[in-house]
2 protein chains.
Amino acid sequence: MPVKIKAYLQEKGINPSMQRVAVMHYLLNNFTHPTVDEIHSNLSDSIPTLSKTTVYNTLKVLVDNGAALQLTIDEKNTRYDGNITPHAHFICLGCGCVHDVEPIKLDEVSLSMYKNLRITETQVYYKGFCEKCYQEKLLKEAENKK
Amino acid sequence: MPVKIKAYLQEKGINPSMQRVAVMHYLLNNFTHPTVDEIHSNLSDSIPTLSKTTVYNTLKVLVDNGAALQLTIDEKNTRYDGNITPHAHFICLGCGCVHDVEPIKLDEVSLSMYKNLRITETQVYYKGFCEKCYQEKLLKEAENKK
DNA sequence: AATTAAAATTGTAATCATTACAAATTGGTA
DNA sequence: TACCAATTTGTAATGATTACAATTTTAATT
């Protein structure tokens with residue numbers, strides 16, 4: 001697996017340092033759309049010297065070279081995704097969890113209206129409540145009616 | 001016009017204070033998808049005592065009551081939109097300008113797969129280069145080839 | 001194996017948007 | 001006028017991100 005990740009980074013034109021392989025490995029094995037903090041604290045166990053600056057630097061390299069996606073779905077923290085195939089995202093306004101959802105079919109007809117805009121990237125975000133948080137919300141609302 | 005904005009806020013259940021009317025008025029007359037700073041510095045001319053905290057508070061009230069949209073399209077600053085009709089947004093990676101674009105047609109079929117997610121809001125973001133920045137980019141790239 | 005230069009990593013300090021909070025102000029009501 | 005609640009204001013704190021200089025690693029060359 002680490003060998004494959006090394007080759008994967010090289011394909012993308014990224015020098016596969018130990019830290020970069022570790023971050024990429026984390027992204028490809030955790031589907032939580034992690035924040036910088038999440039990545040850093042989890043990798044600190046196996047790489048005690050890992051600095052947060054390196055995680056920032058590495059994610060910038062990955063994103064700039066098309067090996068990861070940067071999501072602005074969460075106002076608090078930037079989130080990252082190692083899944084670069086087209087898909088959309090859902091964030092729960094209760095617990096903040098982020099899930100992949102099916103890609104929508106882009107309406108090329110309406111997009112072609114904007115010939116003066118060179119679109120390089122599309123992000124589709126859904127916001128709402130996951131099942132668990134929705135149930136909790138219903139309970140709370142019922143409490144308040146008493 | 002200010003009278004209409006007052007009524008509009010009241011319809012949304014918002015107490016139409018002078019500051020709130022001013023912010024709403026700004027949003028409805030400027031299609032730049034402004035940041036807090038832009039709103040504050042522009043309104044400071046006519047309301048010298050306006051504090052930035054009030055702009056933050058007011059925008060929160062507007063968003064919470066459905067009178068404005070909060071956009072997370074720009075990693076640097078949160079942007080706000082007084083146009084609450086369904087539409088998508090484009091941000092230029094060169095100059096940072098944000099434009100409205102046609103709403104895409106949501107693919108209800110694929111969304112219905114996620115019955116366990118209660119979706120309350122959809123945001124569609126396109127990133128790329130506006131005409132001006134695209135031309136500048138082409139010029140720079142030509143320079144570098146020399 | 002030693003030398004060297006470039007690239008990558010690290011830690012600290014700075015930046016800057018946003019939030020917390022307490023004091024002051026405003027507006028409506030008795 | 002006096003009072004209460006809502007709103008506004010200014011200041012200070014928070015916290016994510018960036019800047020930067022020093023250190024370490026890597027890879028190539030002798």
Side-chain angles (χ1 to χ4, degrees), chain A residues 2 5-6 9-10 12-26 33-65 67-68 70-80 91 93 96 98, chain B residues 2 5-6 9-10 12-26 32-65 67-68 70-80 91 96 98:
Chain A
I5 288 175
K6 207 172 153 186
L9 292 180
Q10 280 167 333
K12 298 282 184 182
I14 299 167
N15 191 342
S17 71
M18 181 262 283
Q19 289 86 343
R20 288 174 179 175
V21 170
V23 171
M24 190 75 240
H25 182 266
Y26 189 87
H33 307 81
T35 63
V36 167
D37 258 16
E38 180 183 332
I39 297 171
H40 178 254
S41 63
N42 278 285
L43 292 183
S44 283
D45 297 338
S46 47
I47 313 173
T49 62
L50 183 69
S51 78
K52 204 175 280 187
T53 300
T54 296
V55 178
Y56 275 105
N57 289 343
T58 298
L59 287 167
K60 181 167 171 37
V61 170
L62 296 181
V63 170
D64 287 351
N65 290 278
Q70 190 173 32
L71 309 183
T72 57
I73 193 173
D74 177 354
E75 290 113 50
K76 300 284 175 197
N77 297 90
T78 304
R79 287 165 170 273
Y80 295 88
I91 189 170
L93 300 174
V98 175
Chain B
I5 287 175
K6 207 172 152 187
L9 292 180
Q10 280 167 334
K12 299 283 183 181
I14 300 167
N15 190 344
S17 71
M18 181 261 282
Q19 289 87 344
R20 288 173 179 175
V21 170
V23 171
M24 190 74 241
H25 182 266
Y26 189 86
T32 53
H33 306 81
T35 63
V36 167
D37 258 16
E38 181 183 331
I39 297 171
H40 179 254
S41 64
N42 278 285
L43 292 183
S44 283
D45 296 339
S46 47
I47 313 171
T49 61
L50 184 69
S51 79
K52 204 175 280 187
T53 300
T54 297
V55 178
Y56 275 105
N57 290 342
T58 299
L59 288 168
K60 181 165 171 38
V61 170
L62 296 182
V63 170
D64 287 351
N65 290 277
Q70 189 173 33
L71 309 183
T72 58
I73 194 173
D74 177 353
E75 290 114 51
K76 301 284 175 196
N77 299 87
T78 304
R79 286 165 170 274
Y80 295 88
I91 188 169
V98 175

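A, B, ... follow the sequence lines: proteins, then strands. Residue 1 opens every chain.
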Under 3.5 Å between N/O atoms: give me all the protein pairs with nucleotides 13-20 of chain D, atom names plus distance.
unit_1 : atom_1 : unit_2  : atom_2 : d
D:dT17 : OP1    : A:Thr78 : N      : 3.2
D:dT17 : OP1    : A:Thr78 : OG1    : 2.7
D:dT17 : OP2    : A:Tyr56 : OH     : 2.8
D:dT17 : O5'    : A:Tyr56 : OH     : 3.4

With a 4.5 Å heavy-atom cut-off, do A:Tyr80 and A:Gln70 have their side chains touching? yes
Taking the side chain as every heavy atom from C-beta outward, state whether A:Val36 and A:Leu59 have any pair of such atoms under 4.5 Å apart. yes
Phosphate OP1/OP2 of C:dT26 contacted by B:Gln19 side-chain N/O (<4.0 Å): no
Could you tell me which non-hydrogen atom of [X] sits nearest to which non-hydrogen atom of [Y], and how far apart they are?
X	Y	result
B:Val55	B:Leu50	CG2-CD2, 3.8 Å
A:Asn65	A:Gly13	OD1-O, 4.4 Å
A:Ala67	A:Met24	O-CE, 3.3 Å

May I ask you to say what B:Thr54 touches in the nucleic acid, namely base, sugar-phosphate or nothing, with a heavy-atom cut-off under 4.0 Å? base
With nearest nucleotides of DNA chain D determined for A:Met18 and B:Ile14 from heavy-atom distances, which residue corresponds to the more 5′ nucleotide? B:Ile14
Any salt bridge (Lys or Arg N to Asp or Glu O under 4.0 Å) pairs touching residues 36-60 of chain A, not counting sequence neighbours? A:Asp37-A:Lys52, A:Lys60-A:Asp64
For A:Ile47 and D:dT25, what is the distance between atoms CD1 and C1' respectively, to the nearest whole Å? 14 Å
Taking CG from A:Leu9 and P from C:dA8, how many angstroms apart are they, rounded to a whole number? 12 Å
Picking from D:dT9, C:dT9, D:dA6, which would you name as closest to the side chain of A:Thr58? C:dT9
